**Student:** 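There's a structure below that I have some questions on.
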Amino acid sequence: MSDILLADDLVRVLIDEETIQNRVGQLASQINRDYAHLESTLILVGVLKGSFIFLSDLVRKLTIDHVVDFIALSSYDGGESGNVRLLMDTRENMEGKHVLIVEDILDSGNTLDYLMRNFRTRAPKSVRTAVLLDKPERHILPIDIAYLGFTIPDVWVVGYGLDYNEKYRTLPYIAEMKPQG
Ligand code: XMP
Ligand code: MG
């Protein structure tokens with residue numbers, strides 16, 4: 001850890017690469033166990049863009065039958081209920097299938113609340129969430145996370161898919177950003 005040279009606007013490494021990889025392995029094992037006796041293929045839906053690295057590490061550790069799909073959303077600040085907008089929808093038909101939403105981070109809960117409600121109208125057999133990071137201090141809406149990586153404090157984080165203005169997404173660790181003025 002001490003040999004990592006941090007960019008100037010990063011404060012510290014919050015979760016290092018090895019810790020992330022171990023935890024993702026544990027989550028994959030749990031998913032493999034929980035969905036071991038599926039009568040249908042599990043659909044994993046990655047929420048773009050933030051989840052793409054978490055999703056790609058997770059799916060490569062799955063031994064169960066699964067397919068990968070994606071959805072893209074945009075969220076607005078300051079809105080009330082309709083502050084999440086669908087930019088690109090999934091392609092797989094969810095009817096009668098088990099669905100696992102894969103998200104980078106749970107903040108207010110608006111995104112996952114929107115997705116859970118939207119997907120339930122498509123008559124899937126089940127819908128659950130796998131979330132790498134949770135900021136409990138920020139919750140506005142209650143969200144049930146079936147598979148959680150890590151709980152973190154209310155700071156802006158980047159790396160492992162997460163960005164600041166598209167920067168730092170491909171860092172192999174998760175770092176805390178300096179507050180931007
Ligand atoms: P909500 O409020 O809908 O937010 O739960 C989820 C989305 O907010 C973004 N988000 C972050 N992205 N570092 C990021 O790079 C962060 O610290 C952070 N906090 C929230 C993210 O897009 C997530 O999907
Ligand atoms: Mg996101």
Side-chain angles (χ1 to χ4, degrees), residues 4 6-17 19-21 23-24 27 31 43-59 68-90 94 99-122 127-181:
I4 288 177
L6 272 188
D8 277 347
D9 45 5
L10 303 184
V11 180
R12 62 183 168 132
V13 175
L14 207 59
I15 311 170
D16 66 40
E17 184 173 1
T19 308
I20 296 171
Q21 292 304 325
R23 187 74 190 121
V24 173
L27 296 179
I31 293 167
I43 304 175
L44 291 114
V45 178
V47 184
L48 293 173
K49 301 178 188 171
S51 74
F52 84 111
I53 293 183
F54 174 40
L55 177 79
S56 62
D57 280 346
L58 188 71
V59 292
V68 174
D69 205 345
F70 291 99
I71 195 164
L73 305 166
S74 77
S75 49
Y76 300 103
D77 279 339
E80 279 166 21
S81 55
N83 56 354
V84 178
R85 192 162 60 97
L86 187 61
L87 295 179
M88 185 197 83
D89 206 350
T90 50
M94 294 178 190
V99 174
L100 183 58
I101 301 168
V102 180
E103 173 67 312
D104 54 355
I105 186 164
L106 172 56
D107 190 280
S108 69
N110 278 315
T111 305
L112 282 173
D113 179 68
Y114 170 90
L115 283 177
M116 295 293 279
R117 284 187 291 111
N118 182 307
F119 286 3
R120 279 182 186 132
T121 67
R122 309 182 191 194
V127 191
R128 284 183 180 171
T129 60
V131 177
L132 182 70
L133 305 171
D134 181 27
K135 288 181 183 173
E137 290 162 62
R138 302 267 309 167
H139 293 185
I140 293 170
L141 297 168
I143 301 291
D144 184 52
I145 308 177
Y147 307 96
L148 172 64
F150 305 93
T151 297
I152 62 164
D154 179 15
V155 292
W156 195 263
V157 289
V158 294
Y160 200 68
L162 294 125
D163 72 307
Y164 174 72
N165 291 341
E166 296 302 321
K167 232 175 137 182
Y168 303 125
R169 266 195 212 283
T170 55
L171 293 176
Y173 50 83
I174 289 163
E176 175 182 344
M177 283 279 298
K178 270 183 199 157
Q180 304 293 300

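Counting starts at 1 for both ligands and their atoms, in listed order. What you see below is based on every heavy atom in this structure, not just the backbone, and it leaves out hydrogens, waters and symmetry mates. The shown structure was predicted, so the numbers you read here are calculated from the model rather than taken from an experiment.
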**Student:** On a heavy-atom basis, I'd like to know which of D107, L14, I105 is closest to atom 9 (C) of ligand 1.
**Tutor:**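 Answer by nearest heavy atom: I105.
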
**Student:** Within the 4.0 Å heavy-atom shell around D163, which atoms of ligand 1 are there?
**Tutor:**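 Atoms satisfying the 4.0 Å criterion: 14 (C), 15 (O).
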
**Student:** Is the closest N or O pair between G109 and ligand 1 shorter than 3.5 Å?
**Tutor:**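 Yes; the residue has a nitrogen or oxygen that sits under 3.5 Å from a nitrogen or oxygen of the ligand.
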
**Student:** With heavy atoms only and a cut-off of under 4.0 Å, state how D104 meets ligand 1: side chain, backbone, both or neither.
**Tutor:**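 Side chain only.
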
**Student:** If you round to the nearest 0.5 Å, how far is CG of D9 from OH of Y164?
**Tutor:**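 Rounded to the nearest 0.5 Å, the OH-CG separation comes to 8.0 Å.
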
**Student:** Where the side chain of R138 meets the backbone of L106, is there a donor-acceptor pair that is under 3.5 Å apart?
**Tutor:**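 Judged by distance alone, no pair lies under 3.5 Å.
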
**Student:** For ligand 1, is I140 a contact, meaning one of its heavy atoms is under 4.0 Å away?
**Tutor:**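 No heavy atom of I140 comes that close to ligand 1.
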
**Student:** Within the distance-only criterion (no hydrogens, no angle test), does the side chain of K135 pair as donor or acceptor with the backbone N or O of V155 below 3.5 angstrom?
**Tutor:**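 Answer holds: yes.
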
**Student:** Considering distance alone, does some N or O of L162 sit under 3.5 Å from an N or O of ligand 1?
**Tutor:**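 Such a contact does not occur with ligand 1.
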
**Student:** Here's a test for you: under side chain to side chain contact (heavy atoms under 4.5 Å, CB included), which of L44, L55, V45 qualifies with F70?
**Tutor:**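 So the option named by the test is L55.
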
**Student:** Nearest non-hydrogen atom to atom 19 (N) of ligand 1 belongs to which of E166, R138, K135, K49?
**Tutor:**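 Nearest heavy atom to atom 19 (N) of ligand 1 lies in K135.
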
**Student:** Atoms of ligand 1 less than 4.0 Å from S108 heavy atoms?
**Tutor:**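 Contacts of ligand 1 toward S108, numbered from 1: 1 (P), 2 (O), 3 (O), 5 (O).
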
**Student:** Using a 4.0 Å cutoff against the non-hydrogen atoms of V155, which atoms of ligand 1 qualify?
**Tutor:**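 Answer for ligand 1: 17 (O).
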
**Student:** Examine ligand 1 and decide if any of its atoms is less than 4.0 Å from a heavy atom belonging to V158.
**Tutor:**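 Outside the 4.0 Å threshold, so no.
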
**Student:** So how far is it from L133 CG to I174 CD1, rounded to the nearest 0.5 Å?
**Tutor:**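 L133 atom CG to I174 atom CD1 measures 4.5 Å (nearest 0.5 Å).
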
**Student:** Only one of D89, L48, L86, N110 clears side chain to side chain contact (heavy atoms under 4.5 Å, CB included) with L73; which?
**Tutor:**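 When side chain to side chain contact (heavy atoms under 4.5 Å, CB included) is applied between L73 and each of D89, L48, L86, N110, only L86 qualifies.
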
**Student:** By number and element, which atoms of ligand 1 are closer than 4.0 Å to a non-hydrogen atom of T111?
**Tutor:**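 Counting from 1, the qualifying ligand atoms are 1 (P), 3 (O), 4 (O), 6 (C).
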
**Student:** For the side chain of T129 and the backbone of D144, is there at least one donor-acceptor N/O pair under 3.5 Å apart?
**Tutor:**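 Side chain of T129 to backbone of D144, a donor-acceptor pair under 3.5 Å: yes, one is there.
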
**Student:** Quick check for you: to the nearest 0.5 Å, what is the distance between I145 atom CD1 and Y147 atom OH?
**Tutor:**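 Answer for the CD1-OH pair, I145 versus Y147, is 12.5 Å.
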
